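See below for the structure under consideration.
Just the heavy atoms: all of them, side chains too, but no hydrogens, waters or symmetry mates, feed the values below. Quantities reported herein were computed from a predicted structural model and do not represent experimental measurements.
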Amino acid sequence: LPVTDAAARLVVEDPTLVRHLDPVRFPGTLRTVEWLLDRPVLGATMARRLYPRLEPYRISPRQDGTFDVDDSGSLRGIFRPIARDANRRAFLCQGEFRSFAQLLNVSGGLVFTLEYHETREGSDRAVQISPSLFVRLDNAVARGATRMVAPLLHGVIDRRVANLAAATQVMGERIARDPDGLYQEMQTWP
C-alpha cells in the first residue's frame, strides 16, 4: 500500500517494532467494514457499548479531519487515515503511551494497516481482517533499549489487540445477525 505521508513513511521505513498480527474473522460483508472504517467515531462508540472492556476508549473528530484518541489514562494521541485502496487501509497514530504501573512511558508513532477480504462459510458471509503494526519510538535511547523492553511492548500490544479483536467479532456478529435489534438498542444510547 503506497504511503506518501512523511511522518508515516518514517515509522514504516525505520520502525522500532513490527508486528504482523493474527487475522480476525467475523460475520459480515466488505460493505459493512468499509462503511465503519469511514466512520471511526461511530465504530468506536459501537465497540465501547457492545464490548465493555473498551469503555475507556474515546475517539473524537477534529476540525482538520484527524481524530483524537484517548483511553482515559495510558494512551493519548491523534490518528488519521493515510492510505487506502481495494480491501486495504493504513492509519497513522502519533502520541504517547504510559503503562499502568508507569514502568513504560514513551511517545512515538504507530502505523497500523488492515488488509481484509470476504469469505464464505457455507451460505454465511464473513470478513477476515489481517492487521499489522509498525511502531517507532521518538526517543533514541528507548529505540536502542527495545530489546530489553520488547517483551513488555509485545504484552501490551497483545492485550490491546485481543480486546479490539474481541470487540470486532462481537460487533460483526450483532450487525450480521441482529441489525434491527442493534439499531433499536443504539437509539437508547446517550
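Here the side chains of I78 and Q94 are not in contact, with every heavy-atom distance at 4.5 Å or above. Side-chain atoms of L114 and L37, non-hydrogen and from C-beta on, do get closer than 4.5 Å to each other. Residues V161 and V24 form no side-chain contact, since every pair of their non-hydrogen atoms from C-beta on lies 4.5 Å or further apart. Inter-residue side-chain proximity for R49 and V170 is flagged as unmet; no heavy-atom pair is nearer than 4.5 Å. At least one side-chain heavy atom of M46 sits under 4.5 Å from a side-chain heavy atom of L182. In this structure, D70 and D68 have side chains that are not in contact, with every pair of non-hydrogen atoms separated by 4.5 Å or more.
Residue R177 qualifies as enclosed at atom CZ: its count of foreign heavy atoms under 6.0 Å is above 12. The neighbour count for D22 CG, taken as heavy atoms of other residues, nucleotides or ligands under 6.0 Å away, does not exceed 12.
Side chain of R58 to main chain of E55: a donor-acceptor pair is present (N/O by atom type, distance under 3.5 Å, no hydrogens or angles).
Considering CG of L75 and CD of E96, their distance stands at 9.0 Å, rounded to 0.5 Å.
Under a hydrophobic clustering in which Ile, Leu, Val, Met, Phe, Trp and Tyr are joined whenever their side-chain heavy atoms come within less than 4.5 Å, directly or via other members, I175 and M186 fall into the same cluster. Linking ILVMFWY side-chain heavy atoms closer than 4.5 Å, directly or via other members, places I129 and L1 in two distinct hydrophobic clusters.
Within the hydrophobic cluster formed by Ile, Leu, Val, Met, Phe, Trp and Tyr side chains joined at under 4.5 Å, directly or through other members, V12 is accompanied by V3, V11, V18, I82, L92, V111, F134.
Here the options are R31, R125, R25, the test is salt bridge (charged side-chain N to carboxylate O under 4.0 Å, His left out), and the partner is E118; only R125 passes.
Salt-bridge annotation for E185 and R174: present, with a side-chain N of the basic residue lying under 4.0 Å from a carboxylate O of the acidic one. The existence of a salt bridge linking R48 and D71 is excluded, since no basic side-chain nitrogen approaches an acidic carboxylate oxygen closer than 4.0 Å.
Side chains of R160 and S74: a donor-acceptor N/O pair is present below 3.5 angstrom, by distance only. Between the side chains of E34 and Y116, a donor-acceptor pair is found at a separation under 3.5 Å.
Checked against ring-ring contact (aromatic ring centres under 6.0 Å, His included), F67 has the following partners two or more places apart in sequence or in another chain: F79. For F26, there are no ring-ring contact (aromatic ring centres under 6.0 Å, His included) partners two or more places apart in sequence or in a different chain.
Taking both residues in full, the closest heavy atoms of A7 and R80 are given as CB-NH2, 4.2 Å, listed atom of the first, atom of the second, then distance. Scanning both residues, I59 and A44, for their nearest heavy atoms gives CD1-CB, 3.6 Å.
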**Message:** Using side chain to side chain contact (heavy atoms under 4.5 Å, CB included), reason through R19 and F112 one step at a time and then give a plain yes or no.
**Reply:** CA-CA 9 Å; R19 293 289 303 273; F112 62 99; over 6 Å; no
